[in-house]
There are 2 protein chains.
Amino acid sequence: MRDDFDLSDFLPYALNRAAERTGRDFEKIYKGRYGLLRTEWRVLFHLGRHGAMSARDICALAGLHKTKVSRAVAALEARRYLTRAQDQIDRRVELLSLTRAGRAVFADLEGEARRYDRTLLAALSEGEVETLRRCLAQLAG
Amino acid sequence: MRDDFDLSDFLPYALNRAAERTGRDFEKIYKGRYGLLRTEWRVLFHLGRHGAMSARDICALAGLHKTKVSRAVAALEARRYLTRAQDQIDRRVELLSLTRAGRAVFADLEGEARRYDRTLLAALSEGEVETLRRCLAQLAG
DNA sequence: CCATATTGGTTGAAAATGTAACTAACAAGG
DNA sequence: CCTTGTTAGTTACATTTTCAACCAATATGG
């Protein structure tokens, strides 16, 4: 057994460092430009990408706790980036959809995300990227 | 340009998912066993691994903000896992060292960390692991 | 139907984090 | 010395996150 086990060799730590670094970099964009929080940006993205859906669906898709989604939805609604519509069949459910303004923000941020992603990937080779994605998917469970 | 850009294709998001998943898994161990917080575990680890050092050194080594370290040190001290000694040359500096109890906790958790790391790596091939580590180091900046 | 359980979603309080201002000690230049 | 600047570390306050309790609607089983 290796006896030089350092924290940077510990996968959860290494993952966290990389996630934190890249996450904070990109946060500057959505936070600086629209004052969005991380969870808010994620909810916005899912709605923009997949169209109207319920908070429950977002939870499942994004792996977010319902309280976080609930508050993010309230914040996005207050900014008029989304609207709620009661589902007629199951009145517990609220169908969330982006407003025109919300879609504009999504379009802008999606572009930025792609751009930022490309700058990150530029530092890696094609093969590395493929392996990295596979590993991350595997580790995310 | 790909037009099917989903959040899971976005590297910061994928990294975050993997980091969160593995981090929370391992958190169960140090939290459940010793009631430690993430930052506390990291500080403990660095002291255990590298011996007595100042809070400043830990900040640099672990990439943690000084307020987080300050609070973690206070918590670890309250649990009698570490002690402070004033540096005689520069009295601003406090030399932190683990107590016997602290070292015991470190020894236990270091073993768990290695074990957990191995279970994570078991799902990946040797080559994948090497590439993964290289990518993460690169992305962590 | 009626009682009970489950589900979608919200809320309040407690815990954790981030930010900035602060203290105390050292350092450097006049 | 003495002003000014910097560094180690703490503290106070605002913002976020987490956790548990909660409400209302639906599903289930007698």
Asker: Note the angle between the end axes of the helix from dC1(C)-dG30(D) to dG30(C)-dC1(D), five pairs defining each, rounded to 10 degrees.
Answerer: 20°
Asker: Do T99(B) and R79(B) touch side chain to side chain, with heavy atoms closer than 4.5 Å?
Answerer: no
Asker: For R42(A) and L7(B), indicate whether the former's side chain and the latter's backbone hold a donor-acceptor pair under 3.5 Å.
Answerer: no
Asker: In terms of relative ring orientation, are H46(A) and H50(A) parallel, tilted or perpendicular, with 30° and 60° separating the classes?
Answerer: parallel
Asker: Run through the side-chain heavy atoms of Ile, Leu, Val, Met, Phe, Trp and Tyr, join any pair under 4.5 Å, and report what else lands in L95(B)'s cluster.
Answerer: V93(B)
Asker: Checking the side chain of E77(A) only, and the main-chain atoms of A74(A) only, is there a donor and an acceptor separated by less than 3.5 Å?
Answerer: no
Asker: Counting N and O atoms only, with roles assigned by atom type, does the side chain of Q138(B) sit under 3.5 Å from a partner on the main chain of C135(B), one being a donor and the other an acceptor?
Answerer: no
Asker: With a 4.5 Å heavy-atom cut-off, do E128(B) and L121(B) have their side chains touching?
Answerer: no
Asker: Report, as yes or no, whether the 6.0 Å neighbourhood of atom CZ on R33(A) holds more than 12 heavy atoms from other residues, nucleotides or ligands.
Answerer: yes
Asker: Looking at D9(A), is its backbone amide N or carbonyl O close enough to the side chain of D6(A) to form a donor-acceptor pair, meaning the two atoms are under 3.5 Å apart?
Answerer: no
Asker: How about T22(B) and D25(B): does a side-chain donor come under 3.5 Å of a side-chain acceptor?
Answerer: no
Asker: Can we say D117(A) and R133(A) salt-bridge, meaning some charged N sits less than 4.0 Å from an Asp/Glu carboxylate O?
Answerer: yes
Asker: Just one of Y34(A), Y81(A), F26(A), F106(A) clears the ring-ring contact (aromatic ring centres under 6.0 Å, His included) bar with W41(A), so which one?
Answerer: F26(A)
Asker: Within residues 11-25 of chain B, find the residues that approach DNA chain D with a heavy atom at under 4.0 Å, and present them sorted by residue number.
Answerer: R24(B)
Asker: Apply salt bridge (charged side-chain N to carboxylate O under 4.0 Å, His left out) to R115(A) and E112(A), showing your working.
Answerer: CA-CA 5 Å; R115(A) 207 174 346 273; E112(A) 290 297 337; 3.3 Å; yes
Asker: For the side chain of R103(A) and the backbone of L98(A), is there at least one donor-acceptor N/O pair under 3.5 Å apart?
Answerer: yes
Asker: Counting only non-hydrogen atoms, which of residues 64-95 of chain B are less than 4.0 Å from DNA chain D?
Answerer: K66(B), T67(B), S70(B), R71(B), R84(B), R92(B), V93(B), E94(B)
Asker: Which parts of residues 28-46 of chain A get close to DNA chain D, meaning a heavy atom less than 4.0 angstrom away?
Answerer: L37(A)
Asker: Please check: side-chain N/O of S70(B) versus main-chain N/O of K66(B), any donor-acceptor pairing under 3.5 Å?
Answerer: no
Asker: Can you give the first and last nucleotides of DNA chain C, 5' to 3', that have an atom under 4.0 Å from a heavy atom of chain A?
Answerer: dT7(C) to dG18(C)
